[in-house]
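Naming: A, B, ... by sequence-line order, numbering from 1 per chain.
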Amino acid sequence: GDSVTQMEGPVTLSEEACLTINCTYTATGYPSLFWYVQYPGEGLQLLLKATKADDKGSNKGFEATYRKETTSFHLEKGSVQVSDSAVYFCALSVPNTGGFKTIFGAGTRLFVKA
Amino acid sequence: ETGVTQTPRHLVMGMTNKKSLKCEQHLGHNAMYWYKQSAKKPLELMFVYSLEERVENNSVPSRFSPECPNSSHLFLHLHTLQPEDSALYLCASSPHRGRGGELFFGEGSRLTVL
């Protein structure tokens, strides 16, 4: 079945450090891939997405590239800020009879220290 | 402004109470979802409504009862809950087709069952 595996947290970094959160997926079709972010006390919000192979999603300094050959969608940022502290969810979405089916990873908590 | 509004944001109830969670979206979407987010567990999809018809019910106990009176509103009726039902309940919406299955979340209703 379809699945998403992302690195376990928590990840603790100092401000201005580089971030990589690994995400790999298994899907029978051609999924769209997403990173969602959840700040403390809030719901999830879309951070970036890619809908086909080799697409790069980017937003707020974060990037991820849809790699079909390695079935990966790793999240990267060159210089993190304290305000990036949150939980990050990798997800895939495939069409189904009801519209779309979305599978989420377990989430990776990021702490950024000043 | 996420476009998806959930009320109440916080709810405390006893095991014999009956209460309801409400979700409203003004994005013109026609698919709506309930998710349960518990500490240290992956996001759990509970119910999906597409074009106002329930299309998925992931073996959720009958003490949770969804209602979707129109494409803009979604309710989760709660009765005879257990302490393990304490969690953050997230509502989301998406277009039935298009945007690759991107989900738009509300900020959640934090439920505590005493």
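Of the options A:Thr102, A:Leu44, A:Ile103, a side chain to side chain contact (heavy atoms under 4.5 Å, CB included) to B:Leu43 is made by A:Leu44 and by none of the others.
Counted within 6.0 Å of CD on A:Glu15, heavy atoms from surrounding residues, nucleotides or ligands total more than 12; the atom is thus considered enclosed. The local environment of CD in A:Glu69 is crowded, with over 12 non-hydrogen atoms from other residues, nucleotides or ligands closer than 6.0 Å. A 6.0 Å sphere centred on CD of B:Gln82 holds more than 12 heavy atoms belonging to other residues, nucleotides or ligands.
Here the closest heavy-atom approach between residue A:Ser93 and residue B:Gly101 is recorded as OG-CA, 3.5 Å.
Cluster annotation: B:Phe105 is not connected to A:Tyr88 through the hydrophobic network of ILVMFWY side chains, with a link wherever side-chain heavy atoms come within less than 4.5 Å. Taking hydrophobic clusters as Ile, Leu, Val, Met, Phe, Trp and Tyr residues chained together by side-chain heavy-atom distances below 4.5 Å, A:Val94 does not share a cluster with B:Leu45. Residues A:Leu13 and A:Leu75 share a hydrophobic cluster, clusters being chains of Ile/Leu/Val/Met/Phe/Trp/Tyr side chains in contact below 4.5 Å. When hydrophobic clusters are built by joining Ile, Leu, Val, Met, Phe, Trp and Tyr residues whose side-chain heavy atoms come closer than 4.5 Å, directly or via intermediates, B:Leu11 is grouped together with B:Trp34. Two different hydrophobic clusters hold A:Val87 and A:Val4 under the rule that ILVMFWY side chains link at heavy-atom gaps under 4.5 Å.
For B:Gln6, no part lies under 4.5 angstrom from a heavy atom of chain A. If you measure heavy-atom distances from B:Arg9 to chain A, the contacts under 4.5 Å come from the side chain alone.
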Determine all donor-acceptor pairs shorter than 3.5 Å in which one atom belongs to a side chain in residues 107-114 of chain A; sequence neighbours excluded.
from, atom 1, to, atom 2, distance (Å)
A:Thr108, OG1, A:Gln6, NE2, 2.9
A:Thr108, OG1, A:Met7, O, 2.5

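Listed in order of number, the residues of residues 45-62 of chain A that approach chain B to under 4.5 Å between heavy atoms are A:Leu46, A:Lys49. The contact list for residues 20-43 of chain A toward chain B, using heavy atoms and a distance under 4.5 Å, reads A:Ser32, A:Phe34, A:Tyr36, A:Gln38, A:Gly41, A:Glu42, A:Gly43 by residue number.
Taking CD from B:Gln37 and CZ from A:Phe89, the interatomic distance works out to 5.0 Å, rounded to the nearest 0.5 Å.
Scored by the side-chain contact (heavy atoms from CB on, under 4.5 Å) test, B:Ser94 finds B:Ala31, B:Tyr33, B:Leu103 as partners (sequence neighbours excluded).
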